[in-house]
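We name chains A, B, ... by the order of the sequence lines, and we start the count at 1 in each one.
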2 protein chains.
Amino acid sequence: MLKSKIETIAENLMTIHPLLFRSLSKPMKARTSITPAGLFVLRGLKKNGILSMSLIGKYLSMPKPHITVIIDRLIEEGYVERHHDPDDRRIVNISITEKGLTDLDEINQIIAEELKVKLLVLDADELEQLSVSSQNVKDKLLYILSKEKV
Amino acid sequence: MLKSKIETIAENLMTIHPLLFRSLSKPMKARTSITPAGLFVLRGLKKNGILSMSLIGKYLSMPKPHITVIIDRLIEEGYVERHHDPDDRRIVNISITEKGLTDLDEINQIIAEELKVKLLVLDADELEQLSVSSQNVKDKLLYILSKEKV
DNA sequence: TATAATGGTTACAAATGTATAACTATTATT
DNA sequence: AATAATAGTTATACATTTGTAACCATTATA
């Protein structure tokens, strides 16, 4: 019985995360107070500039009340800001601050340092493959997500 | 300022998860009582046959007490079994049951069904790329992990 | 044999994430 | 103008994960 391509992709994608995430999160946790969800929001804001609460919720597939909590905390820490949309005052737009940007960079470097040690067992060619493949997976998922939001 | 290759890989790997995991987990949660960590353990057991508690802990980068809780619950549900190692009676080996295997297949199909809908926006060529890339990333991470355990 | 080290469990506290309902403010629809 | 729909918040309960310390049984070491 041959596994379908979709099943293989599903298993691959579901397996990637737990193999690395926890070990990369630990050094981050030791040095910053930011949560995994908060970090992901910061990355989204850095890339997109400004996002509404609802868009962030869709982006993370998280219930709105949780987004409120996450943003409240990021604001406390000075990483993001709330802006009421002038065109539709129901909408709350979130932007990343200077501090958010610099601290995000710092966190990324901490994580990269940690990853670097692990990647030592790969040669240059394998590293290049991992770079290309991970970029490809990420891009495809972002593409899929962008199509969903219509 | 050019981002290093390692930083790019780190960001890619950290971003992949939240883009999909929650939306794939929801249908699973609706139909089974298994937790994400439990599911990951089942996958590891299916692939490796038998794993000790410590190895599972390393595999998931989780503290041992949590592994005990996860295994207790999988045993309650009839998915895995404990075996004391005859050569070293301190060691507890875990094996997956028939029920564990069949239910794991079922869960994988539920997740694949969910993913299938999302992947409709990709053409055959892109799908193939995603398949190859995700496999590559997973294999490389497993390879790195296997080197760590020495 | 006494001591240290290992593998695992128990107990507990705290952080994080999930889910739902009720609510306010604002905008869109009739 | 009344009603419905949307965006977001507050409140609450619960599930899952993380982290630590203390402990037992077994094995390795001195």
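For the residue pair S23(B) and E114(B), no side-chain donor N or O sits within less than 3.5 Å of a side-chain acceptor on the partner. Checking N108(A) against E7(B) by side-chain atom types alone, no donor-acceptor pair falls below 3.5 Å. Side chains of Q135(B) and D139(B): a donor on one and an acceptor on the other come within 3.5 Å.
A salt bridge between D85(B) and R90(B) is absent, with no side-chain N of the basic residue lying under 4.0 Å from a carboxylate O of the acidic one. For D103(B) and R31(B), the salt-bridge test fails: no basic side-chain N is under 4.0 Å from an acidic carboxylate O.
Counting non-hydrogen atoms of neighbouring residues, nucleotides and ligands closer than 6.0 angstrom, the NE2 atom of H84(B) reaches no more than 12 such neighbours.
Between the C1' atom of dT6(C) and the CD1 atom of I91(B) lies a distance of 9 Å, rounded to the nearest Å. Between M62(A) atom CE and dT20(C) atom P the separation is 16 Å, expressed in whole Å. As a whole-Å value, the separation of L55(A) CG from dG8(D) C1' is 13 Å. Computed from coordinates, the I70(A) CD1 to dT10(D) P distance equals 15 Å when rounded to whole Å. Rounded to whole angstrom, the span from the NZ atom of K26(A) across to the C1' atom of dT20(D) amounts to 13 Å. Taking atom NE2 on H83(A) and atom P on dG8(D), their separation rounds to 14 Å, with Å as the unit.
Between R82(A) and dG8(D) there is no side-chain polar atom (N or O) within less than 4.0 angstrom of OP1 or OP2. The side chain of T68(A) contributes no N or O atom lying less than 4.0 Å from OP1 or OP2 of dT10(D).
The stretch residues 14-25 of chain A touches DNA chain D through R22(A), each having a heavy atom under 4.0 angstrom from the strand.
Two residues, H66(B) and S54(A), neighbour DNA chain D, and the one matched to the more 5' nucleotide by heavy-atom proximity is S54(A). Take the nearest nucleotide of DNA chain D for K64(A) and for A37(B): the residue whose nucleotide is more 5' is K64(A).
Note that CD1 of I111(A) and CG of L39(A) are 5.5 Å apart. Values are rounded to the nearest 0.5 Å. Put simply, OG on S33(A) and CD on E76(A) are 9.5 Å apart, with the number rounded to the nearest 0.5 Å.
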Quick one: side chains of residues 119-126 of chain A, donor-acceptor pairs under 3.5 Å with protein atoms, not counting sequence neighbours, listed by atom name and distance.
residue	atom	partner	partner atom	Å
D123(A)	OD1	D125(A)	N	3.1
D123(A)	OD1	E126(A)	N	2.8
E126(A)	OE1	D123(A)	N	2.9

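Using a 4.0 Å heavy-atom distance criterion, P65(B) is classed as a base contact.
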Item checked: Under 4.0 Å protein heavy-atom contacts per nucleotide of nucleotides 24-30 of chain C, with B for base, S for backbone only and - for none -> -BBS---

